[in-house]
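See structure below.
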Amino acid sequence: FLVFLVIYLITLVGNILIMLVIKVDPQLHTPMYFFLSTLSFLDVCYSSVTVPKMLENFLAEKKTISLSGCIAQIFFFIFMVGTEIFLLSVMAYDRYAAICNPLRYSTTMSHQVCVKMVLGAWISGFLDSLVNTLYLTDLSFCSPREINHFSCELPLLLQLSCTDTFANEMVILYFSMTLGFASLLLILTSYICILSTILRIRSSEGRRRAFSTCASHITIVLLFCGTAFIRYMRPASGYTFALDKLVSVQYSILTPMLNPIIYSLKNKDVKLALRKLLGR
């Protein structure tokens with residue numbers, strides 16, 4: 001209980017601090033930090049979907065959740081996960097526009113365009129979640145109604161159903177393949193173009209500065225997308241509930257805590273703005 005309470009508090013304080021720093025420092029009013037502020041807000045919402053209920057279960061004798069509460073948790077969890085994946089792909093495109101087309105960057109990534117991209121990420125995450133959870137209310141569940149996990153997750157809930165879940169599984173597979181891999185493809189394509197551009201820069205200082213602007217985002221993509229894909233695309237052989245829980249803790253609890261730490265440690269602008277804010 002104490003370990004995960006500390007992790008949750010660090011997540012809240014760290015991400016709120018990042019949002020506050022970006023809000024009060026005019027030098028950080030750029031597309032890159034606008035997306036970072038949105039990511040921090042998303043991480044606060046994301047961790048708040050599962051961790052408070054998890055903390056309650058640590059202290060409760062009977063670890064129960066209603067069916068409607070379980071479906072609601074699944075809905076908001078998929079909503080936040082989907083939105084974060086789309087937002088990470090938008091952030092990758094932003095870095096592509098900044099490094100590969102710097103002269104047109106201010107036009108390509110205007111504030112209006114950035115707002116539309118963020119809204120698009122939220123709407124896409126909402127629709128993804130709505131479609132995945134829409135049919136859950138029609139399912140009936142058999143005893144024992146026990147989920148061997150610290151939160152409600154869609155695949156685990158489907159395993160408890162007495163009715164045929166083939167349609168639900170096909171919906172999960174379709175959206176995972178199309179939306180998930182489309183976002184991953186955009187991220188990979190953006191960074192292939194970025195790497196090609198960086199390698200053509202003659203000065204080592206220029207290459208270092210260009211790469212440093214992408215290092216934090218690459219780290220977050222690997223932490224979040226890597227463990228999420230391991231969780232949902234792993235083979236059935238060698239599967240254990242303990243490994244499943246460990247991977248879920250990594251991408252759903254630890255990653256939101258690590259995001260502000262990674263950005264504050266690797267980004268000079270954020271560190272400078274943070275010192276100014278704490279100095280006040």
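The model shown is predicted, which means the values in this text are computed figures rather than measured ones.
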All side-chain contact (heavy atoms from CB on, under 4.5 Å) counterparts of V115, not counting sequence neighbours: F34, H111, L119
CA sep, side-chain torsions, deciding dist, call: L258, I220, side chain to side chain contact (heavy atoms under 4.5 Å, CB included): CA-CA 8 Å; L258 293 173; I220 289 170; over 6 Å; no
Contact check, side chains of F86 and M117, non-hydrogen atoms, under 4.5 Å: no
CA sep, side-chain torsions, deciding dist, call: E153, I74, side chain to side chain contact (heavy atoms under 4.5 Å, CB included): CA-CA 6 Å; E153 290 199 7; I74 290 171; 5.7 Å; no
Near-ring test F126/F75, centroid separation under 6.0 angstrom: yes
Pairwise distance OH(Y93) to CD1(I194) - rounded to 0.5 angstrom: 11.0 Å
Least distance between heavy atoms, T64 atom then K53 atom: O-NZ, 3.0 Å
Partners meeting side-chain contact (heavy atoms from CB on, under 4.5 Å) with S106 (sequence neighbours left out): none
Exercise: identify the closest heavy-atom pair between D128 and G82: OD2-CA, 4.3 Å
Gap separating the CG atom of L9 from the CG atom of L5, nearest 0.5 angstrom: 4.5 Å
Residue pairs, two or more places apart or on separate chains, that pass ring-ring contact (aromatic ring centres under 6.0 Å, His included) and touch residues 8-29: none
Heavy-atom side-chain contact between K271 and L274 under 4.5 Å: no
For V21 against V270, the heavy-atom pair lying closest together: CG1-O, 4.4 Å
Side-chain donor/acceptor of T133 to backbone N/O of S129, under 3.5 Å: yes
Whether F58 and F4 hold their rings parallel, tilted or perpendicular, with breakpoints at 30° and 60°: parallel
Any S151 side-chain heavy atom under 4.5 Å of Q73 side chain: yes
L156 and N148: CA distance, side-chain angles, deciding distance, side chain to side chain contact (heavy atoms under 4.5 Å, CB included) verdict: CA-CA 8 Å; L156 298 174; N148 188 5; over 6 Å; no
F79-W122 aromatic ring centre distance below 6.0 Å: yes
For the student: nearest non-hydrogen atoms of S37 and M19, plus distance: O-CG, 3.6 Å
Shortest non-hydrogen contact between P52 and S47, atoms and distance: CD-O, 3.8 Å
Side-chain H-bond candidate by donor/acceptor type, Y105 with D94, under 3.5 Å: yes
pair S48-F76: side-chain heavy atoms closer than 4.5 Å: no
Within-4.5 Å side-chain heavy-atom neighbours: Y33 and L36: yes
S161 side-chain N/O to S140 backbone N/O, donor-acceptor pair under 3.5 Å: yes
Student check: side-chain heavy atoms of T108 and V113 closer than 4.5 Å: no
Least distance between heavy atoms, I18 atom then P260 atom: CG1-CB, 3.6 Å
Donor-acceptor contact present, side-chain R95 to main-chain M91, <3.5 Å: no
Heavy-atom check, side chain of C152 versus side chain of L157, under 4.5 Å: no
Donor-acceptor pair, side chain of N101 and main chain of A97, under 3.5 angstrom: no
N15 CG to I10 CD1 distance, which is reported to the nearest 0.5 Å: 11.5 Å
Test log, rule side chain to side chain contact (heavy atoms under 4.5 Å, CB included), inputs S40 and F35: CA-CA 9 Å; S40 294; F35 294 134; over 6 Å; no
Side chains of M54 and H149 in contact at under 4.5 Å (non-hydrogen atoms): no
